[in-house]
There are 2 protein chains.
Amino acid sequence: MNAQSMPMTVRPEDERATLSEVLRGHGVGPTHQRIEIARALFSRMTHLSADQVLAAVNQRHAETSKATVYNTLKLFVEKGLVREVIVDPTKVFYDPNTSPHHHFYDVETGEITDIDGDRISILGLPALPEGKVAAGIDLIIRVRGAA
Amino acid sequence: MNAQSMPMTVRPEDERATLSEVLRGHGVGPTHQRIEIARALFSRMTHLSADQVLAAVNQRHAETSKATVYNTLKLFVEKGLVREVIVDPTKVFYDPNTSPHHHFYDVETGEITDIDGDRISILGLPALPEGKVAAGIDLIIRVRGAA
DNA sequence: GGTGAAGTTAGACAGAGTCCAATTCTTATC
DNA sequence: GATAAGAATTGGACTCTGTCTAACTTCACC
C-alpha cells in the first residue's frame, strides 16, 4: 500500500495504524511527529509549505518543532512519500501526490492545482545531458487573473 | 529592436547607446545602473541570480546597491526584458532569453540549460482555470549525475 | 533496567529578498 | 545653463525560509 492508495476515509482509531504502515512501507520509522506530519499531508491531499505543515500539526495537539518538520519533509521526499513543488520563489511546497503530473500555479493567489500527467504528452523530449539521469519532470503553467 | 536581436558584439563606444535603446524600447528609462545591469545579463546571455548580477556589475566599476539590483530585475521582468526562472528553491534566476523555451536544471550543480521551445510540443494542454490567463509555461526537467 | 542508536528540540544562525526614509539623479521647462 | 519636480538610488534594518548544532528524549533490544 502506498500513499495514493490510502483510503480517503478511515475509522479514527485506525488512522494512526494506517499511517504507520504507509511510513514503514517506505522505509520510514513511524514516530508520533512523523505520523502527525503525514496526516497533515495525506488527509488534505493538497500542497502544503513547511510552515503550513507546522501550523496544521501544532493546531491539532502535537507540539512539533520547526526542525523536525523540515527534517521530516526532507526525509519524506527522499523516501518518495511526497514530492517537492518548486514554483513559488519564496517557499517550497510538498505534494502528497507522487504520481506523474504537472502543475498550474496562480502567481497572484499562490494556489497550486494538479494537472494529471496523462492529460499531457510531451513530444520531442530532448536527450538528457551527458551522464545525467532524470530527477523529475514538471510542466508548470503559471496563470493569473484575466486583465 | 529587442533584447534578442541585439548584436552579440558591438563597438564598446556604442554599447551603452545600444543598451539605452533596448531599455527605452521596453519603456524603461535608462540610468547608469540599469544599463550596467542590462549589460551583465545581455552580454553573457546566461542565467544569473540577483547576487551574481550584483557581483558582475560591481566588479566592473559601477557601484550599485543590492536594493537597486532587486528593483531593476523586478522592473525588467515586468517590462518583458528578462524572464524569471524558478527552479532552485533558494534563489530566483533571470534569463535574458525571453523567447518560448524550457529548462534543464541540474539539481547537484545548479546549472541551468535552455531547451528550445520548438524542440518540444505539448499535446492536450488543458484549458486554463476559469477567468485566468497564462503568465508563462515552463517545462522543467531536473537532472542529476547518473548513480 | 541498561545501553546505544535514532529521533527531536530550542535557539542561534545564514542567506535571499523587502522596506523605508534620506539623498541623488534625470528630465522638462524656462 | 538654472531650476524644480518627479523618478531612481541608497544603506541599513528588517523579515522570512530554511539550516545547523549540541543537548535531550525515545525506542528497540539485550
Side-chain angles (χ1 to χ4, degrees), chain A residues 16-17 19-20 23-24 26-40 47-58 60-79 81-82 84-95 107 110 112, chain B residues 16-17 19-21 23-24 26-40 47-58 60-79 81-82 84-94 107 110 112:
Chain A
R16 282 182 66 89
L19 287 166
S20 282
L23 295 184
R24 248 189 271 272
H26 283 79
V28 174
T31 65
H32 296 313
Q33 291 86 345
R34 289 172 179 173
I35 289 169
E36 287 302 319
I37 290 167
R39 168 153 40 210
H47 314 77
L48 295 178
S49 62
D51 66 313
Q52 289 173 326
V53 170
L54 181 60
V57 165
N58 284 345
R60 231 174 157 272
H61 69 83
E63 284 306 308
T64 297
S65 74
K66 187 173 67 152
T68 296
V69 169
Y70 278 100
N71 289 342
T72 300
L73 288 171
K74 186 185 288 185
L75 178 68
F76 282 9
V77 170
E78 279 169 26
K79 298 299 188 178
L81 272 159
V82 300
E84 279 180 320
V85 182
I86 299 164
V87 291
D88 181 317
T90 70
K91 60 177 69 151
V92 176
F93 286 84
Y94 295 88
D95 187 348
V107 298
I112 301 170
Chain B
R16 283 183 65 88
L19 287 166
S20 283
E21 283 313 300
L23 295 184
R24 247 189 270 273
H26 283 80
V28 175
T31 65
H32 296 312
Q33 292 86 343
R34 288 172 178 174
I35 289 169
E36 287 301 320
I37 290 167
R39 167 153 39 208
H47 313 79
L48 295 179
S49 62
D51 66 313
Q52 289 173 326
V53 170
L54 181 61
V57 166
N58 283 346
R60 227 171 160 274
H61 70 83
E63 285 306 309
T64 298
S65 72
K66 186 173 67 149
T68 297
V69 170
Y70 279 99
N71 289 343
T72 301
L73 289 172
K74 186 185 289 186
L75 180 68
F76 282 9
V77 169
E78 279 169 25
K79 298 299 189 179
L81 273 158
V82 300
E84 279 180 320
V85 182
I86 299 165
V87 291
D88 182 317
T90 69
K91 59 177 68 147
V92 175
F93 286 84
Y94 294 88
V107 298
I112 301 170

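Since the structure is predicted, the reported quantities are computational estimates derived from the model, not experimental observations. A note on names: the letters A, B, ... follow the listed sequences, proteins ahead of strands, and every chain is numbered from 1.
Under the side-chain hydrogen bond (donor to acceptor under 3.5 Å, both in side chains) criterion, Ser49(B) pairs with Asp51(B), Gln52(B), not counting sequence neighbours. Every residue meeting the side-chain hydrogen bond (donor to acceptor under 3.5 Å, both in side chains) condition with Asp88(B), not counting sequence neighbours, appears here in chain and number order: Thr90(B), Tyr105(B). In terms of the side chain to side chain contact (heavy atoms under 4.5 Å, CB included) criterion, residue partners of Pro30(B) (sequence neighbours excluded) are, by chain and number, Ser20(B), Leu23(B), Arg24(B), Ile35(B). Ala40(B) is linked by a side chain to side chain contact (heavy atoms under 4.5 Å, CB included) to Arg44(B), Ala56(B), Val57(B), counting only residues two or more places apart in sequence or in another chain.
When all heavy atoms of Ile86(B) and Pro89(A) are compared, the pair lying nearest together is CD1-CD, 3.8 Å. Considering every non-hydrogen atom in both Thr68(B) and Gln33(B), the closest pair reads CG2-CB, 3.9 Å. Here the shortest heavy-atom pairing between Glu84(B) and Tyr94(B) reads CG-CE2, 3.7 Å.
Applying the salt bridge (Lys or Arg N to Asp or Glu O under 4.0 Å) test to pairs two or more places apart or on separate chains, those with a residue in residues 26-38 of chain A are Arg16(A)-Glu36(A), Glu36(A)-Arg39(A), Glu36(A)-Arg60(A).
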side-chain contact (heavy atoms from CB on, under 4.5 Å) between Lys66(B) and Tyr70(B), worked out: CA-CA 6 Å; Lys66(B) 186 173 67 149; Tyr70(B) 279 99; 3.6 Å; yes
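Taken over five-pair windows at either terminus, the axes of the helix from dG1(C)-dC30(D) to dC30(C)-dG1(D) are inclined to one another by 30° (rounded to 10 degrees).
On the nucleic acid side, DNA chain D contacts chain A at distances under 4.0 Å to non-hydrogen atoms, with the end points of that region at dT17(D) to dC27(D).
Here the options are Ile37(A), Leu48(A), Val69(A), the test is side chain to side chain contact (heavy atoms under 4.5 Å, CB included), and the partner is Leu54(A); only Val69(A) passes.
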Nucleic acid footprint by protein, nucleotides 5-17 of chain C - heavy-atom cut-off 4.0 Å, B for base, S for sugar-phosphate alone: --SSBB-B---SB
